[in-house]
J.: 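Dropping a structure here in structure tokens format, bear with me for questions.
Just so it is clear, the model here is predicted, and its values are computed rather than measured.
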Amino acid sequence: MAPMKSKSWCSPGQLLMLMLAGWINRLQQTVIAYQKEEIKVLREMLGCKRLRFTDGQRRRLALKAQALSRCTLKELGSLVTPDTLCRWFRQYAGAKYDSSEMRRPGRPPKPQYIRDLVMRLAKENTNWGYTKLRDVMFTLGHKIGRTTVQRILAEDGIEPAPERRKHMPWATFLKAHWGTIAAMDFFKVEVMTLFGPVRYSVLVVMDLKTRHVEVAGIVCEAYEKWMLQVLRNLTDALDGFLLGKTHLIMDRDPIFTAGVREMLRHAGTKPVRLPRRSPNLNAFIERFIRSIKEECLDRVIPLGEAHLRELIREYTAHYYAERPHQGLGDMLIQPANDHATDGLLARRERLGGLLNYYYREAA
């Protein structure tokens, strides 16, 4: 194993950024709580009165509600029901197929494919302003004015560039650092032993770009010394799973102590601690944990630690070579090269048929 680097402390700038991130998260929770209460008071004041929304207001509300789930909208207590917001969005989405506006007098509106292209460029490039979008459209063979670009974005509820820069999606950040980010998390499994049920902790680490998963350890109760030994294996200079990874996403589990995070920094991997109550920021590894539970562990009673390890080993092999992944274009992580496309249909089963894989045999 490579020698440890000299001890380095968190710089004042990094400490200030961590304090600022925590303060912003608390401020956002306070603002959301106030807005929910404000909506509740407004509904009480209106009573049975029916609100009248303009078409522009319906369009803006429907676009903003598209990114929220039905449960979130109900919990927020919005002025209109989730069903109404869905209906408004369907009406807005279908409006682009309505050609009746083409018959109005005056200058005809821009074709829908032009509008779609402008919106795509604006969403994929948050720092492009109206002039930049106009120039790029011209290089793509579409002559369009700056005012027209501004009107198209305003009609579809897309903010100007200065506002869009402030709200960089987490998914965009991850893709910008693809290949250098890994994620780590625990999940619990109930195991039946001779002394009764015992809860085991399973630590998994994922390479976000390739979706490769490493089961780093299985233990009844994790503790700091065990965690440090696991990290020594993960950061090994020859074949460690975290070799070449500059950032490691983790939640605020108490087992990820200051000593654990300091060891990661010495190995050249910066720990990224997520805000509290933010499971969506670690969605990739959370999806793997959900998959292994729903497809395997929740359908079997593990009889001891050895059986648990065998179940996880079999599912991991299925996960790599037999399970398509939407994030990889419905492809396998490790596809086989010897499968035919026109042979007899065959099935490979694991765990007595709990996990199945279908393929064509070579002639």
Side-chain angles (χ1 to χ4, degrees), residues 25 69 71 170 181-208 211-235 240-242 245 247-261 263-264 269 271-320 322-323 325-327 333 350-352 354-355:
N25 183 59
S69 64
C71 294
W170 180 248
I181 297 182
M184 179 169 61
D185 200 4
F186 278 97
F187 68 93
K188 309 293 185 179
V189 183
E190 295 289 341
V191 177
M192 183 61 66
T193 67
L194 295 175
F195 305 100
V198 177
R199 174 170 291 185
Y200 277 77
S201 297
V202 182
L203 177 64
V204 291
V205 186
M206 173 182 284
D207 182 346
L208 298 188
R211 301 298 196 276
H212 280 72
V213 173
E214 175 81 4
V215 180
I218 302 175
V219 67
C220 287
E221 185 174 353
Y223 51 96
E224 186 177 19
K225 290 185 178 179
W226 175 85
M227 191 69 202
L228 292 175
Q229 181 58 47
V230 168
L231 288 181
R232 292 188 188 99
N233 299 332
L234 292 173
T235 58
F241 186 80
L242 294 178
K245 300 295 181 290
H247 294 76
L248 179 63
I249 299 174
M250 60 178 64
D251 57 20
R252 295 183 177 268
D253 193 306
I255 193 59
F256 301 141
T257 61
V260 169
R261 300 195 299 273
M263 183 177 181
L264 281 171
T269 302
V272 180
R273 302 183 72 191
L274 299 177
R276 292 177 176 85
R277 300 179 181 178
S278 56
N280 291 338
L281 298 184
N282 208 6
F284 295 97
I285 199 165
E286 291 282 357
R287 187 62 181 88
F288 170 79
I289 293 174
R290 174 184 169 186
S291 298
I292 192 173
K293 286 185 174 182
E294 290 183 350
E295 299 174 15
C296 181
L297 297 179
D298 287 351
R299 305 171 67 184
V300 181
I301 300 177
L303 304 176
E305 182 179 338
H307 188 206
L308 173 62
R309 291 181 180 273
E310 177 64 21
L311 292 172
I312 294 177
R313 189 182 305 112
E314 285 293 312
Y315 182 82
T316 304
H318 173 76
Y319 175 84
Y320 275 113
E322 301 169 355
R323 187 182 186 278
H325 297 270
Q326 294 182 357
I333 295 179
R350 296 180 185 272
L351 302 177
L354 188 63
L355 303 172

J.: Counting C-beta onward and ignoring hydrogens, is there a side-chain heavy-atom pair between M227 and L203 closer than 4.5 Å?
T.: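 Yes. Closest side-chain heavy atoms under 4.5 Å.
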
J.: Would you call V189 and I218 a side-chain contact if the rule is heavy atoms closer than 4.5 Å?
T.: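 Result no, sub-4.5 Å side-chain heavy-atom pair not found.
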
J.: Could you tell me if the side chain of I333 sits less than 4.5 Å from the side chain of H212, heavy atoms only?
T.: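 When only atoms from C-beta onward are counted, I333 and H212 do touch, with a gap below 4.5 Å.
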
J.: Keeping R323 on the side-chain end and Y320 on the backbone end, is there a donor-acceptor pair under 3.5 Å?
T.: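 No: the side chain of R323 does not pair with the backbone of Y320.
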
J.: How many angstroms lie between atom CG of L234 and atom CD of Q229, to the nearest 0.5 angstrom?
T.: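 CD of Q229 is found 10.0 Å from CG of L234.
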
J.: Looking only at heavy atoms, what is the nearest atom pair of C296 and L311, with distance?
T.: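 Heavy-atom minimum between the residues: SG-O, 4.1 Å.
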
J.: Rounded at 0.5 Å granularity, tell me how far NE2 in H318 sits from CG in L354.
T.: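 Answer for the NE2-CG pair, H318 versus L354, is 9.0 Å.
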
J.: Ion pair present between R290 and E286, side-chain N to carboxylate O less than 4.0 angstrom?
T.: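 Not counted as a salt bridge, because no side-chain N and carboxylate O are separated by less than 4.0 Å.
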
J.: How long is the gap from CZ on R287 to CD1 on I292, to the nearest 0.5 Å?
T.: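 R287 CZ to I292 CD1: 12.5 Å, rounded to 0.5 Å.
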
J.: For the side chain of Y200 and the backbone of G304, is there at least one donor-acceptor N/O pair under 3.5 Å apart?
T.: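 No: the side chain of Y200 does not pair with the backbone of G304.
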
J.: Evaluate the side-chain proximity of D185 to D253: yes if any heavy-atom separation is below 4.5 Å, no if none is.
T.: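 Contact flag for D253/D185 side chains = no.
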
J.: Using 30° and 60° as the class boundaries, would you call the ring planes of F186 and W226 parallel, tilted or perpendicular?
T.: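 Tilted: the ring planes of F186 and W226 meet at 30° to 60°.
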
J.: Would you say V260 and L231 make side-chain contact, with heavy atoms under 4.5 Å?
T.: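 Yes, at least one pair of side-chain atoms sits under 4.5 Å.
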
J.: Does NZ in K188 sit with more than 12 non-hydrogen atoms of other residues, nucleotides or ligands closer than 6.0 Å?
T.: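 Check passes, neighbour count above 12.
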
J.: Any idea how Y319 and H325 line up, ring-wise: parallel (<30°), tilted (30 to 60°), or perpendicular (>60°)?
T.: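 Perpendicular, since the angle between the ring planes exceeds 60°.
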
J.: Just wondering, are more than 12 heavy atoms of other shown residues or ligands nearer than 6.0 Å to CD in E221?
T.: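 Incorrect, the count does not exceed 12.
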
J.: State, with a plain yes or no, whether a side-chain heavy atom of M206 is found less than 4.5 Å away from one of F284.
T.: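 The answer is yes; the side chains approach within 4.5 Å.
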
J.: So, the side chain of R261 versus the backbone of F256: is there a donor-acceptor pair under 3.5 Å, distance only?
T.: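 Looks like yes, one N/O pair under 3.5 Å.
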
J.: Determine the minimum heavy-atom distance between P197 and M192, stating which atoms define it.
T.: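 The answer is N-SD, 4.0 Å.
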
J.: Measure the CZ-CG distance between R299 and L351 for me, rounded to the nearest 0.5 Å.
T.: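 Nearest 0.5 Å value for the CZ-CG distance: 10.0 Å.
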
J.: Rounded to the nearest 0.5 Å, how far does CG of L303 lie from CG of L194?
T.: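 The distance works out to 10.0 Å.
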
J.: Working to the nearest 0.5 angstrom, can you tell me the gap between L248 CG and M184 CE?
T.: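 Those atoms lie 4.5 Å apart.
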
